[in-house]
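See below for the structure under consideration.
Residue numbering restarts at 1 for every chain, and letters A, B, ... go by the order of the sequence lines. Scope of the values below: all heavy atoms of this structure, side chains included, with no hydrogens, waters or symmetry mates.
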Amino acid sequence: MIRSDAPVLLEVRDLRASVDDQPILHGVNLTIRAGEIHAVMGRNGSGKSTLSKVLAGHPAYTVTGGSVTYRGQDLLELEPEQRARIGLFLGFQYPVEIPGVSNLEFLRVATNARRQERGETELDTFAFEDLVNTRLAVVQMDPAFLERSVNEGFSGGEKKRNEILQMALLEPVVAILDETDSGLDIDALRIVAGGVNQLASPDNATLLITHYQRLLDLITPDHVHVMAAGRILRSGGPELAHELERIGYDWVDQELALTEVG
Amino acid sequence: MVATTRAHTWQDLAGAALPTRRSEDWRFTDLAALAAIEPRPWSGSDPLGSLQLPAGVTRLPEAELDAVAGQSLARTGCSEHWPVRLNVGARPVRLGLRVAAGAEPLRLELDAGSAGELLALHLVLLLEPGASLALSQRLSASGAAVCSLVCEAQLAAAARLHWGLVAQGHSSAALLGHLAVTQEPGSSLDLVTVSSGWGLSRLEPRVQQSQGAARTRLRGLQWVDDNQLADTHSLVRFDGPDGQLDQLHKTVAAGAGRSVFNGAVQVPRAAQRTDAAQLSRSLLLSDRARVDTKPELEIVADDVKCAHGATLSRLQQDELFYLQSRGIAADQASRLLLAGYCQDVLRELPDAAAPWPPTAAPFREP
């Protein structure tokens, strides 16, 4: 839903970043307003996953220029946990397995960190179990997964459902979902996409990072951006995703060659 | 004047000089720290005074205890080990127990205190055919102390022993422990050892499957910090075919702590179709900590599966970032990861040991 008067939640200006002294992002610009769903598409290596990790504060990436403003606040000066507490969420492409740490306990500690930031009371074990049981329905997840270690031995689909469950508990303001569709069969994709649609509201925003159109058949974006060589090359509406599906990414090379000549 | 008035030296007590690092068995573990301590005999109350035996567990008569004591030590080849000789010389508190089928869980607590004394215990367990026992054993010290522990267990056919030893010491305390177990065919041993906080700790679990065809599962966790040293030397010997071993030893090394693990597995010709797996995992939390870990496989039989492995790592950045990205602060995330790492072993303790989680900070639930 596009409303030009909706408040800006995330403003990315000329963002540059590198990993191991290798520049990856070469000046990314992006404005996300409340109520919007954005999709960043691009081939492997275009920098779209790097963008998501830089926004979440992954320590392996160094910001070398530009700015990111989250609801008027300088996001880049915050630790990753602080970004999460004020409402930024990253759904991982490869959710990490943590043996020995109970999923339920992990979800509770994370939820309470966010609640504390919002001035809400912390939930004890019993109150949290009530909450988590209502949220399980969003991703049709079996409660048995709460008793296991975080993501340990989960299938690809189960890990992604666990990501969306976390999103449902943390109620982020800006959710970045990095290749949430990768490795999912069509049923799991429908469940995950259904969860994202349920959680979208006029007060929050979603940034989908994806390679394929198929996720966008289930979650309709308001804005589509094509990323290449660490920049956003072109932006448009949902029709841009369909165009990409039809003509592929080959035109990107020509356009890149032109910009380099120019 | 202390030197001239004391009754004993370590050498007198053990009837042999302290081992030095020139001996292969003590290469990484220096007992010199002991030499600085005067071995004063235990003057406290009977350490087993409050012991209550559960149903199915009875005391062995003295004569029978005399007859069986030392058998498992001899059969696992450690009667002459220095810590065992020390235990004998220290005239230990002896406890011999017979365990029948359907025995209730047994708890044994031993506190070596802080008075700088030597507390020695010699425990002998006889598990009858088909008997089963969950044994939760706790050792502690709250200051200067030396704890000498020799435990023997004989598992008759189809007997099952689930044994948890939680030893939580003090930087001024030393623990020397031998746990010798002999297993008849069809028996099953789950031995979980957890040690933390001792200035010096040396644990030697030694298991003999007398005719093979038994199941042995060993779990170990040792935590060192400051200038502590923890050493586990384990031995499992298969004197017959079709034996199984599943062993996991975990270490956390912080501060300037040192950790030693030596895992011997002996598979002589008679031990065909042995299936043994040993894994040593070490987590280094500091640049000043040191870990020495070594498998020691002696395999003569040719139709066997013997796997071994060792890993050494730091806390994983990706795991930390994942937790941080969910709003969990870096220090709490580290504690969660450490607790998870330890939980792998702690969750295998018998239920009765659960009220005794070690209180070293990182073991605590966050």
Exceeds 12 heavy-atom contacts within 6.0 angstrom, atom CZ of A/R148:
yes
Name, in order of residue number, those residues of residues 58-66 of chain A that have a heavy atom at a distance of less than 4.5 Å from a heavy atom in chain B; otherwise write 'none'.
A/H58, A/P59, A/A60
B/R215 CZ: over 12 foreign heavy atoms closer than 6.0 Å
yes
In terms of heavy-atom contacts, does CG of A/D21 have more than 12 from other residues, nucleotides or ligands at under 6.0 Å?
no
So for atom CG, which belongs to B/D331, do other residues, nucleotides or ligands contribute more than 12 heavy atoms lying within a distance under 6.0 Å?
yes
Measuring heavy-atom distances to chain A, does B/D344 have an atom under 4.5 Å in its side chain, in its backbone, in both, or in neither?
neither
Decide if atom CZ of B/R290 counts as having more than 12 heavy atoms of other residues, nucleotides or ligands within a radius under 6.0 Å.
no
Checking A/E117 against chain B: side chain, backbone, both or neither under 4.5 Å from a heavy atom?
neither
Non-hydrogen contacts under 4.5 angstrom with chain B: give the residues of residues 154-173 of chain A involved, or none if there are none.
A/E163, A/Q166, A/L170
Which residues in residues 132-145 of chain A have any heavy atom lying under 4.5 Å from a heavy atom of chain B?
none
What are the residues of residues 319-327 of chain B, in order of number, with any heavy atom under 4.5 angstrom from a heavy atom of chain A?
B/E319, B/F321, B/Y322, B/L323, B/Q324, B/S325, B/R326, B/G327
Between the CZ atom in A/R114 and the CD1 atom in B/I328, the distance rounded to the nearest 0.5 Å is 14.0 Å
Which atom names give the shortest non-hydrogen contact between B/L337 and A/I98, and what distance separates them?
CD2-CG2, 3.3 Å
